[in-house]
K.L.:
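This is the structure, below, for whatever I ask next.
What you see below is based on every heavy atom in this structure, not just the backbone, and it leaves out hydrogens, waters and symmetry mates.
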Amino acid sequence: MSHFAKVGRVPGDPILGLMDAYRLDPNPAKLDLGVGVYKDAQGLTPIPRAVKLAEQRLVDTETTKTYVGGHGDPAFGRLLLDLVLGTGNPLEAAGRAGATQTPGGTGALRLAVEFIASQLPGRGIWLSDPTWPIHETIFAGAGITVSHYPYVDAANRQDVSAMLAALEQVPAGDVVLLHACCHNPTGFDLGQDDWRRVLEVVKARELLPLIDFAYQGFGDGLEQDAWAVRLFAEALPELLVTSSCSKNFGLYRERTGALIVCAADVEKLTDVRSQLAFLARNLWSTPPAHGAAVVATILGDAALKAQWTTELEAMRSRVADLRLGLVEALQPYGLAERFAHIGEQRGMFSYTGLSPEQVARLRAEFSVYMVSTGRANVAGLDFSRIGDLAAAIAKVC
């Protein structure tokens, strides 16, 4: 008897598959714009100097490797709340906000999913079209009904009016997932007036916002990127926020994140956090400690925090300059206007507007790797390669 005889095979993750294909490509001029990590001028994903210093301090001073508890490191949670909601924010002072440490931003999403499924049964979730593919699978896998609101139109332009019209039809009480900044995968972000309009619809329809905040500091800056989260936290009695330290601290493999809950009062926050601790116990017992200890060390030390902030701003500025540089490099081919949106988008990713056929040609003819939807990781580009990429794009267009 074969217990596994009927076990089928699922297709591999398309982005991880791109990574494998890129590694096997012998072309020395190959270019990886697929996997979502920041790269420096040498094509490496660097460890920030502030992180290395914090790690050395931990090596010298850490006295135990015991468990950190269901909600994780309290210092990490407190300092991350300050980073996301603002230092001295009234919610934290009133005991209305708390952070539960998770294995990365994906872990925070998984914990949010389990909470919604178990404590808010029957609620549907509304995702942008398009959105990060894991959003789709993680909610559907929990048995939650997944629906979509339009975000980008057929001409690869952000369509806020269509988004608002769709949200106005969402059943009262449902959950709506919003990207705080650096929308993945499109790079199109809402403006402040757009956010205010979305907030009014959320209020009118009595929706529960789940804000995915994976790229704080990569859009317009640490404080600027948190603007929408803080707007919603101030205006609404209840809010869920998933925060990730993968990109802004360069802690990708350390899996460091948190699910932040804002509730109407202390008692209700305590109720919700008790449920989160119970759910986390059955998911991962307690979260990994190292990455959170690094973040807490940096955020709790003025000099380290200043160094980290400077390094993060350098990464953010470099990506913004790469965007503008690519648009400028397309100018001689008469394509700058067609791809002007690349310079207007924010964060690591860009919905370039290239078709699946054009993406396939870029890979086959020029060893340029990106997702078939045309989503490119601009942070994987290098200034010395911008001209080559522009020429390749012009060729397939």
Side-chain angles (χ1 to χ4, degrees), residues 3-20 34-36 70-72 100-151 166-167 170-171 173-180 183-186 207-215 238-244 246 252-253 255-261 272-288 349 371-373 375:
H3 296 282
F4 302 150
K6 294 184 179 180
V7 176
R9 183 178 303 174
V10 297
D13 182 272
I15 296 178
L16 297 181
L18 269 183
M19 290 174 62
D20 291 337
V35 63
H71 290 293
T100 297
Q101 184 185 329
T102 59
T106 307
L109 284 164
R110 177 62 191 274
L111 187 58
V113 165
E114 296 296 328
F115 174 76
I116 293 166
S118 65
Q119 301 303 309
L120 307 175
R123 307 289 185 95
I125 179 102
W126 293 75
L127 311 176
S128 66
D129 182 17
T131 193
W132 186 40
I134 300 299
H135 287 154
E136 306 278 0
T137 55
I138 201 169
F139 283 98
I144 299 174
T145 301
V146 175
S147 304
H148 300 86
Y149 57 85
Y151 195 74
L167 292 180
V170 172
D174 271 7
V175 180
V176 57
L177 190 146
L178 302 164
H179 300 230
H183 185 276
N184 182 3
T186 71
L207 307 178
L208 174 62
L210 169 57
I211 302 182
D212 193 348
F213 199 10
Y215 303 98
E238 296 169 334
L239 178 67
L240 297 174
V241 182
T242 57
S243 176
S244 171
S246 292
Y252 300 88
R253 67 174 62 171
R255 311 312 301 135
T256 307
L259 174 60
I260 294 172
V261 177
V272 172
R273 281 172 59 79
S274 73
Q275 295 290 344
L276 295 180
F278 173 79
L279 293 167
R281 175 65 172 162
N282 290 280
L283 288 170
W284 47 72
S285 186
T286 61
F349 301 116
V371 182
S372 62
T373 58
R375 189 215 77 172

K.L.:
Check residues 278-288 and write down every donor-acceptor pair under 3.5 Å in which the side-chain atom is one partner and the other belongs to a residue at least two apart or another chain.
P.N.:
from: R281; atom 1: NH1; to: S285; atom 2: OG; distance (Å): 2.6
from: N282; atom 1: ND2; to: F278; atom 2: O; distance (Å): 2.9

K.L.:
NE2/H71 to CD/Q101 distance, rounded to the nearest 0.5 angstrom?
P.N.:
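Spacing of NE2 (H71) from CD (Q101) equals 11.5 Å.
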K.L.:
Kindly write out the residues that satisfy ring pair (Phe, Tyr, Trp, His ring centres under 6.0 Å) with Y151, not counting sequence neighbours, or none if the list is empty.
P.N.:
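With sequence neighbours excluded, Y151 shows a ring pair (Phe, Tyr, Trp, His ring centres under 6.0 Å) to H183, given in chain and number order.
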K.L.:
According to side chain to side chain contact (heavy atoms under 4.5 Å, CB included), who are the partners of T242, at least two apart in sequence or on a separate chain?
P.N.:
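T242: side chain to side chain contact (heavy atoms under 4.5 Å, CB included) contacts with A108, L109, L210, D212, L259.
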K.L.:
For residues G124 and D174, report the shortest heavy-atom separation together with the two atoms involved.
P.N.:
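Distance-wise, the nearest heavy atoms are N-OD1, 3.0 Å.
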K.L.:
According to the salt bridge (charged side-chain N to carboxylate O under 4.0 Å, His left out) rule, which pairs have a member within residues 107-133, sequence neighbours left out?
P.N.:
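Every salt bridge (charged side-chain N to carboxylate O under 4.0 Å, His left out) pair that includes a residue of residues 107-133, provided the two are not neighbours, is R110-E114.
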K.L.:
How long is the span from the OG1 atom in T102 to the CG atom in L111, to the nearest 0.5 Å?
P.N.:
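Separation between the atoms: 7.0 Å.
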K.L.:
Heavy atoms only: give me the nearest L207-P171 pair and the separation to one decimal.
P.N.:
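Shortest heavy-atom contact: CD2-O, 3.5 Å.
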K.L.:
Are the side chains of T106 and I134 in touch, meaning some heavy atoms are under 4.5 Å apart?
P.N.:
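Yes; the side chains approach each other to less than 4.5 Å.
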K.L.:
If we only count heavy atoms from C-beta on, is the L18 to V35 side-chain gap below 4.5 Å?
P.N.:
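A side-chain contact is absent here, since even the closest heavy-atom pair is not under 4.5 Å.
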K.L.:
Would you check if L208 and L240 make a side-chain contact, meaning some heavy-atom pair closer than 4.5 Å?
P.N.:
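The answer is yes, as the side chains (C-beta and beyond) meet within the 4.5 Å cut-off.
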K.L.:
Going by the rule side chain to side chain contact (heavy atoms under 4.5 Å, CB included), which residues pair with R375 if we only count those two or more places apart in sequence or in a different chain?
P.N.:
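In terms of side chain to side chain contact (heavy atoms under 4.5 Å, CB included), with neighbours along the sequence ignored, R375 is linked to I15, N184, P185, F349, Y351, V371, T373.
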K.L.:
Can you tell me how far the OH atom of Y215 sits from the OG atom of S246, to the nearest 0.5 Å?
P.N.:
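The distance works out to 9.0 Å.
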K.L.:
Kindly give the heavy-atom pair with the smallest separation between I211 and A180, and that separation in Å.
P.N.:
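Shortest heavy-atom separation between I211 and A180 comes out as CG2-CB, 3.6 Å.
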K.L.:
Not counting sequence neighbours, list each pair that qualifies as a ring-ring contact (aromatic ring centres under 6.0 Å, His included) and has a residue in residues 123-146.
P.N.:
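Counting only pairs at least two positions apart or across chains, the ring-ring contact (aromatic ring centres under 6.0 Å, His included) contacts touching residues 123-146 are W132-H135, H135-H179.
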K.L.:
Testing the basics here: between A214 and S244, what is the closest heavy-atom pair and its distance to 0.1 Å?
P.N.:
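Scanning both residues completely, I find the closest heavy atoms to be CA-CB, 3.9 Å.
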K.L.:
Please output the side-chain donor-acceptor pairs of residues 142-150 that fall under 3.5 Å, not counting sequence neighbours, one pair per line with the distance.
P.N.:
from: H148; atom 1: NE2; to: E136; atom 2: OE1; distance (Å): 2.9
from: H148; atom 1: NE2; to: E136; atom 2: OE2; distance (Å): 2.8
from: Y149; atom 1: OH; to: L177; atom 2: O; distance (Å): 2.7

